[in-house]
Protein chains: 2
Amino acid sequence: MATIKDIAKQAGVSVTTVSRALNGYDDVNEDTRKKIKRIAEELSYSPNAVARSLVSKKTRTIGLIISDINRAGAKDAFAYEVLCGINDRAGDLNYDLLLFSTNPSKQMEKSYTALCKERNVEGAILSGLRLNDPYLQEVIDQNSFPCVLIDIPKTGDNVAYITSDSRIGAGMAVRHLLDGGHRQIAMINGHDQAFVSKERLAGFQDALEEAALAPRPDCVYDGSFTEDGGAEAMYQILIRHPEVTAVFCASDLMALGALRTLERMGRKVPEDMSVIGFDDISIAAYCSPKLTTIRQDKYELGYQGAQLLIDMLENRTDNRKIMLNNQLIVRESTRPLAK
Amino acid sequence: MATIKDIAKQAGVSVTTVSRALNGYDDVNEDTRKKIKRIAEELSYSPNAVARSLVSKKTRTIGLIISDINRAGAKDAFAYEVLCGINDRAGDLNYDLLLFSTNPSKQMEKSYTALCKERNVEGAILSGLRLNDPYLQEVIDQNSFPCVLIDIPKTGDNVAYITSDSRIGAGMAVRHLLDGGHRQIAMINGHDQAFVSKERLAGFQDALEEAALAPRPDCVYDGSFTEDGGAEAMYQILIRHPEVTAVFCASDLMALGALRTLERMGRKVPEDMSVIGFDDISIAAYCSPKLTTIRQDKYELGYQGAQLLIDMLENRTDNRKIMLNNQLIVRESTRPLAK
DNA sequence: TCCTATTTCCGAAACGTTTCGGATAAAGTT
DNA sequence: AACTTTATCCGAAACGTTTCGGAAATAGGA
């Protein structure tokens, strides 16, 4: 592994000159620069980023703490799409990504802050964290390095967040059902340690209120963002609220569970029951019936999140908050109530 | 940012002692160790991994070059599942992952070798590369750091690979069709810059030969591993080979494309045409009809790939090759030929 | 010719660790 | 009493860069 010293020796100059030649400073003669470059080439020199970081304090690396990178996430590829967005933008701007091994099974001994500080990442993007995550608060409080939270509305000097407008999105979903004449609408929500659950619930209630309907907290079930949870919640709804004609699910995955239960129970969708989801995962366009849903641009979440972080790193912005719009995608799982 | 020096000063000992105390060497008095640990805690010291790497030459980091991390990959979450497997195993074994920003759009100026050497990763896992990738050969030839290739059968002192047995898998698929009495079988293959395409084609031919059928190279179409490609290939097959009753697709994504074409053309699956895929992506279990396919354990590809790499890093193995088994999953898109 | 700029180079320190080869002092051995 | 052990500590070098503050040599200007 050739170093800058080897080059210096061979070229008969100092390491300073080699460094400056290779880094394009203009106080080095073009002939010596050529020579140095040639020798570097010959020795197949490649700079040692570790040594460089040690002195420059820069790593051009962004830490990623994405707790929902796991097998289960393959169906809704939420984490994946976010990651793609981050990867693309960070790549464009020449940052590498360091994926921390956040091992959820054995609870971690090191906090996110410690991880990031140790590895000298310049900033971090955190996704998939629960609101009650023990290390989350520390990151926000210590405020010690720039970070972007996905779907967690906290800000600070060094912390920003990005999310999509779940409240309005949920409102759109429910209004879509209301527009179809549905009045008895249930909701299957995610677990309550997610900000988006609260927002989607609020959006649900907003829409009911707007339609002068009484809020129905008893018709809101917890599907904990899983397919099985959605299936079970749907089952409870069928049993306890036979009057319900439409259900709003806070995620497509739960909606798939709901569809499963409905099929098992012999209810036709959308004839007997309208179902609307949230996210627009890829399965939504393929399942049967195809799922009406609220599309969330997960890729953009990552893409703009990365952009925001890098802007913060390079002091280009005071913005600490980005809110993306969602979009209603009408497919086959909802339809107006037959009169 | 407190350093080891600050601790040394405050504790009235040398940096050597601090280092040794913190790293659990036994030539330091337990009382001083306690004291040092306490002070480290007070100063919220965290070791600088960059400095440490510089001297130890170890980064405990694995480089990831996964060229198919992109938006399009969200449907078949192949890259994602592989990543999950890598992430889990690497996490268990305490390695972090460095995701290189391989920007496919603007062709890269740095080779994979250069990237890995610069950042001092201890080894790398490469996935999604085409056989004719300009930098791939260099990695293999230079042999300069341990690496594991996914789905590319090349080995060397420092290079190993992992794949699943596509040839046998394809054979299983085609045999399934043959067992159902099908005799006119077409194939939609992936692009020819993938090792698995060659293998799946070979498996297809194996099975035909075994059944004493003539090889039908004219019935093999290129769907380039995309949904649209599969749709187009299916269209060609319908036009040119009306006698075909079953089609084997080298990926589920292409099979989805084929299904789309068949639906558009008014052909019923499986009544008029049997379709079998490869991969078992999550959509396969939800689409209509549900796709019969060959399941590939993508997660395990990553998991065992990571294990293999780390075993190489730590000189625990001479193994340079892992072959995983695939499994036939019969669903709704195939059925015996009506006599 | 003398003075000032300009061009081109370099020595040495610094970044934060680890580790080698001792050094010192106390304890044990004969 | 004169050794040898043992326990505990430390100085200094090393890892491969970058960068600060000059220095030497050459060119330009009067």
Side-chain angles (χ1 to χ4, degrees), chain A residues 1-37 39-40 43-61 96 114-122 144-145, chain B residues 1-37 39-40 43-61 96 114-122 144-145:
Chain A
M1 206 83 332
T3 78
I4 218 176
K5 265 185 212 163
D6 302 322
I7 301 179
K9 202 171 301 172
Q10 190 146 343
V13 298
S14 74
V15 296
T16 305
T17 304
V18 176
S19 174
R20 299 181 76 80
L22 258 21
N23 289 312
Y25 284 72
D26 59 1
D27 65 345
V28 28
N29 185 287
E30 275 312 313
D31 290 341
T32 28
R33 190 196 303 276
K34 289 249 173 58
K35 184 176 177 188
I36 287 171
K37 282 198 167 173
I39 295 178
L43 301 180
S44 74
Y45 167 78
S46 75
N48 184 325
V50 171
R52 188 195 303 239
S53 304
L54 183 58
V55 28
S56 72
K57 303 283 198 189
K58 298 268 175 241
T59 53
R60 282 200 94 78
T61 303
D96 289 324
L115 284 175
C116 291
K117 278 167 64 180
E118 276 189 32
R119 300 290 303 233
N120 284 74
V121 299
E122 309 202 0
S144 48
F145 53 90
Chain B
M1 206 81 331
T3 78
I4 219 176
K5 264 186 213 163
D6 302 322
I7 300 179
K9 202 172 300 172
Q10 190 147 341
V13 298
S14 74
V15 295
T16 305
T17 304
V18 176
S19 173
R20 300 182 74 79
L22 259 21
N23 289 313
Y25 284 71
D26 59 0
D27 66 344
V28 29
N29 186 286
E30 275 312 314
D31 289 342
T32 27
R33 190 196 303 277
K34 289 247 173 60
K35 185 176 177 191
I36 287 172
K37 282 197 167 175
I39 295 177
L43 300 180
S44 74
Y45 166 78
S46 73
N48 183 325
V50 171
R52 191 196 302 246
S53 303
L54 183 58
V55 30
S56 72
K57 305 284 199 187
K58 299 267 174 242
T59 52
R60 283 201 92 78
T61 304
D96 289 323
L115 284 175
C116 290
K117 278 168 64 180
E118 276 189 31
R119 299 292 302 234
N120 284 73
V121 299
E122 309 202 0
S144 49
F145 52 91

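Numbers restart at 1 for each chain; the letters A, B, ... are given by sequence-line order, proteins then strands. Just the heavy atoms: all of them, side chains too, but no hydrogens, waters or symmetry mates, feed the values below.
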Double-helix bend of the helix from C:dT1-D:dA30 to C:dT30-D:dA1, axes at both ends from 5 pairs, round to 10°, gives 50°

Check your understanding: Judged by atom type as modelled, is there a donor-acceptor pair below 3.5 Å linking the side chain of B:Glu122 to the main-chain atoms of B:Arg60?
Key -> yes

Here the side chain to side chain donor-acceptor pair (under 3.5 Å) pairs for residues 6-17 of chain A, sequence neighbours left out, are A:Ser14-A:Thr17

The contact string for nucleotides 13-21 of chain C, one letter per nucleotide 5' to 3', using protein heavy atoms under 4.0 Å with B, S and - for base, sugar-phosphate only and none, comes out as --BBBBBB-

Rounding to 0.5 Å, atoms NZ (A:Lys117) and CE (B:Met1) come to a distance of 4.0 Å

Please check: side-chain N/O of B:Ser19 versus main-chain N/O of B:Val15, any donor-acceptor pairing under 3.5 Å?
no

Residue set satisfying salt bridge (charged side-chain N to carboxylate O under 4.0 Å, His left out) with B:Arg33, at least two apart, ordered chain then number -> B:Glu30

For A:Asp26, the salt bridge (charged side-chain N to carboxylate O under 4.0 Å, His left out) test, sequence neighbours excluded, returns none

- For B:Val13, which contact category applies under a 4.0 Å heavy-atom criterion: base, sugar-phosphate, or nothing? sugar-phosphate

Next on the checklist: Any base atoms under 4.0 Å from B:Thr32, or only sugar-phosphate, or nothing? Heavy atoms, all strands.
Outcome noted: sugar-phosphate

Atom CG of B:Asn29 and atom C1' of C:dA26 are separated, to the nearest Å, by 13 Å

Checking A:Leu22, A:Ile36, A:Val18, A:Ile39 against A:Tyr45 for side chain to side chain contact (heavy atoms under 4.5 Å, CB included), the one that qualifies is A:Leu22

B:Asp31 meets the salt bridge (charged side-chain N to carboxylate O under 4.0 Å, His left out) criterion, sequence neighbours left out, with none

